[in-house]
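Note that the structure is a prediction, hence the values are computed from the model and not measured.
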Amino acid sequence: MAKICLIGAGSTVFAQSIIGDILSQPDLADSVVALHDIDGERLNTSAIVARRIGAALGLDTLKVEASLDRRQAMAGADFVILMMQVGGYRPATVTDFEIPKRYGLRQTIGDTLGIGGIFRGLRTIPVLLEICEDMRAVCPDALLMNYVNPMAMNCWAIAEAAPDIRSVGLCHSVQETSGDMARWLGEAPEALDYLCAGINHVAYFLKFEKRLPDGGREDLYPRLKALAEAGAVPAGEAVRFDMLRRTGHFVTESSIHFAEYNPWFIKTGRDDLLDRYEVPLDEYPRRCEALIAEWHALRAGLEADDSPIPVRRSNEYAAGIVHAVVTGRHNLIYGNVRNDGLIADLPDACVVEVPCHVDRNGVQPIRIGRIPAHLAGIMRLSINVQQLVVEAALTGRKDAIRHAAMLDPHTAAELSLDEIWRLVDDLIEAHGGLLPRYH
């Protein structure tokens, strides 16, 4: 029997996917599901969802625990899954978007890099390290699975400050993008062979092939590149297909995300670029509003109808990891782990996203070696910022925040040095108690 603890379980829609994935596997049907959130109302809704999932799967003895006390929820856990958003949509995310707008600095998502990603990391890392401290006290052997953005910054800080905690960062960009690529080419996803490597949201498919009936392989990249050259680009994917045309490789994260990780696509006074590349500014606030509405609709539905909740498996990695560790049956995932030579062209201390074997021994990353120099260079644009945010979070040095913002590709392309420093100070002031070390 495994105990799986979800921290930030009030993210009900996402928690529903993870819980359904875990409990729908017969080998994990006797698991204990422990839920924690700081919002009691949301926590209660997620507990109802978990029990309804159990009912749908016929798990009459399912044990669901819900607690506002984090250590109590984590006590004796075998797996701890993080899915919270420190500071919430309001006020934190709104602040991350509205104050930079005063300087003419616009964002799409703002959760991974850019000024929004910097400040999300500064808010989040201290909480993650508190959770690691809790784990040392009540579940020191548990495997920590982090879904919280900014993924690379968060995992870097954990690896640096809590190397004794077994951890891996998880995202869905690799599996979702490979599925998209298969669909665009009319291929079955299960027939694909691919190798992907890099950093979270800026990883590239180094190999993208199809297995043939005779055991051979067909390189699918020529067909994908032909779409780019012919202008037959799927809606909303102009950024990634132009990068494919210019770099020869396809990047994992969406065009909306990738557009703000560099200086090329979002520029003040260049609406022509926004139109050409279909870049929607302020996209994340719109998504947050939609998710909030979805949660309210879900809650209303639960109150109106007590029937079991249908369970549909997602493509998230968490359940597969739990299953592999518990049963010893091998699984392959893409995880975010400390580099330590896995990608030779990137700093050892940074966090990379690479294929990993999983079994009873846990998550074991696979060494990639060297990657094309221009791809490594694009990754370093992000790594420079990540390193300084982690330094700021671990030392409390305000100048490291300023240096991170100075080196951020999009921020540096839009603002002067004086503007960057003032923006950093304004954001620190606006976030108030969420950033106590810098006041």
Side-chain angles (χ1 to χ4, degrees), residues 96-97 99-121 149-153 173 198-204 228 233 236-284 345-347 350 371-389 392 400-424 426-427:
D96 286 342
F97 274 77
I99 289 183
K101 277 187 192 178
R102 299 175 192 170
Y103 289 80
L105 184 61
R106 305 295 299 276
Q107 301 169 90
T108 57
I109 303 295
D111 70 349
T112 298
L113 207 67
I115 200 70
I118 289 170
F119 277 83
R120 181 178 283 234
N149 282 321
M151 177 64 66
M153 296 180 195
S173 59
I199 61 173
N200 182 240
H201 288 191
V202 192
Y204 288 86
V233 175
E237 292 294 351
V239 167
R240 289 203 289 184
F241 270 84
D242 199 18
M243 292 303 297
L244 168 65
R245 189 169 63 86
R246 297 176 189 276
T247 69
H249 295 78
F250 206 79
V251 70
T252 50
E253 193 43 76
S254 68
S255 288
I256 294 173
H257 274 276
F258 190 79
E260 65 181 2
Y261 301 160
N262 53 71
W264 306 314
F265 301 103
I266 305 172
K267 295 179 179 291
T268 301
R270 295 297 305 274
D271 288 350
D272 60 311
L273 291 176
L274 300 180
D275 293 341
R276 173 184 171 189
Y277 288 106
E278 304 172 275
V279 177
L281 299 176
D282 297 329
E283 174 66 15
Y284 190 63
D345 314 76
L346 300 180
C350 79
I371 61 175
H374 61 296
L375 302 184
I378 293 172
M379 295 169 197
R380 289 193 201 102
L381 297 175
S382 294
I383 292 170
N384 293 334
V385 181
Q386 295 163 3
Q387 180 178 13
L388 286 161
V389 173
I401 307 175
R402 295 177 174 135
H403 296 156
M406 287 166 56
L407 292 179
D408 178 71
H410 176 47
T411 303
E414 292 284 273
L415 304 183
S416 70
L417 290 172
D418 286 341
E419 289 169 329
I420 290 170
W421 280 46
R422 290 199 302 270
L423 171 59
V424 167
D426 286 352
L427 281 165

Task: Rounded distance (nearest 0.5 Å) linking atom CZ of R270 with atom CH2 of W264 - done: 15.5 Å
Open item on the list: I want to check something: taking the side chain as every heavy atom from C-beta on, are R276 and D272 in contact at a cut-off of under 4.5 Å?
Closed with: no
- [ ] Give a yes or no on whether a salt bridge exists between D242 and R246, defined as a side-chain N under 4.0 angstrom from a carboxylate O.
- [x] yes
Open item on the list: Once rounded to the nearest 0.5 Å, what's the spacing between atom CG of L381 and atom OH of Y261?
Closed with: 13.0 Å
TODO: Would you give the length of the straight line joining atom CD1 of I383 to atom CD1 of I199, rounded to the nearest 0.5 angstrom?
DONE: 5.0 Å
Task: Working for side-chain contact (heavy atoms from CB on, under 4.5 Å), residues D345 and M379 - done: CA-CA 10 Å; D345 314 76; M379 295 169 197; over 6 Å; no
- [ ] Please name the pair of heavy atoms, one in T247 and one in H374, separated by the smallest distance, quoted to 0.1 Å.
- [x] O-NE2, 2.9 Å
- [ ] Determine the minimum heavy-atom distance between F265 and L274, stating which atoms define it.
- [x] O-CD2, 4.0 Å
Task: Reported OH-to-CE distance for the pair Y204 and M243, which is rounded to 0.5 angstrom - done: 4.5 Å
Task: Test side-chain contact (heavy atoms from CB on, under 4.5 Å) applied to N149 and N200, step by step - done: CA-CA 10 Å; N149 282 321; N200 182 240; 4.0 Å; yes
TODO: Take E419 and L423 through the test side-chain contact (heavy atoms from CB on, under 4.5 Å) and record every step on the way to the result.
DONE: CA-CA 6 Å; E419 289 169 329; L423 171 59; over 6 Å; no
- [ ] For R120 and P150, work out which heavy atoms get closest and say how close.
- [x] CG-CD, 3.6 Å
Open item on the list: Just so I know, are the side chains of S173 and V251 near enough to count as touching, which here means a heavy-atom distance under 4.5 Å?
Closed with: no
- [ ] Please round to the nearest 0.5 Å and tell me the distance separating atom CD1 of I401 and atom NE2 of H403.
- [x] 11.0 Å
Open item on the list: Under a 3.5 Å distance rule, please check whether R240 uses its side chain to pair with a backbone N or O of T252 as donor and acceptor.
Closed with: yes
Open item on the list: So M406 and L388, do their side chains get closer than 4.5 Å, heavy atoms only?
Closed with: no
Open item on the list: Taking A404's backbone N and O only, do any of them form a donor-acceptor pair with D408's side chain (distance below 3.5 Å, no angle check)?
Closed with: no
Open item on the list: In the structure I gave you, are the side-chain heavy atoms of L273 and V279 within less than 4.5 Å of one another anywhere?
Closed with: no
- [ ] State, with a plain yes or no, whether a side-chain heavy atom of L113 is found less than 4.5 Å away from one of H410.
- [x] no
- [ ] List the atom of A405, the atom of I115, and the distance in Å for their closest heavy-atom pair.
- [x] CB-CD1, 3.9 Å
Task: Candidate pair F258 and E253, rule side-chain contact (heavy atoms from CB on, under 4.5 Å), full reasoning - done: CA-CA 6 Å; F258 190 79; E253 193 43 76; 5.6 Å; no
Open item on the list: Pairing donors with acceptors under 3.5 angstrom, does anything connect the side chains of E237 and S255?
Closed with: yes
Open item on the list: I need the minimum non-hydrogen distance between I420 and R402, along with the two atoms involved.
Closed with: CG2-O, 4.3 Å
Task: side-chain hydrogen bond (donor to acceptor under 3.5 Å, both in side chains) partners of T268, counting only residues at least two apart - done: E414
- [ ] Kindly give the heavy-atom pair with the smallest separation between T112 and H201, and that separation in Å.
- [x] OG1-ND1, 3.1 Å
Task: Inter-residue atom distance L281.CG - T108.OG1, 0.5 Å rounding - done: 7.5 Å
- [ ] Let me see the working for D426 and R102 under salt bridge (Lys or Arg N to Asp or Glu O under 4.0 Å), right down to the final yes or no.
- [x] CA-CA 10 Å; D426 286 352; R102 299 175 192 170; 5.5 Å; no
Open item on the list: Using side-chain heavy atoms (C-beta onward) and a distance below 4.5 Å, is V389 in contact with F119?
Closed with: no
TODO: Answer yes or no: is there a donor N or O on one side and an acceptor on the other, between the side chain of E260 and the main chain of G110, under 3.5 Å?
DONE: yes
- [ ] Decide yes or no for V239 and S254: does some side-chain heavy atom of the first lie under 4.5 Å from some side-chain heavy atom of the second?
- [x] no
Open item on the list: Keeping H257 on the side-chain end and I109 on the backbone end, is there a donor-acceptor pair under 3.5 Å?
Closed with: no
Open item on the list: Tell me whether Q107 contacts the main-chain N or O of D96 through its side chain, where contact means a donor paired with an acceptor under 3.5 Å.
Closed with: yes
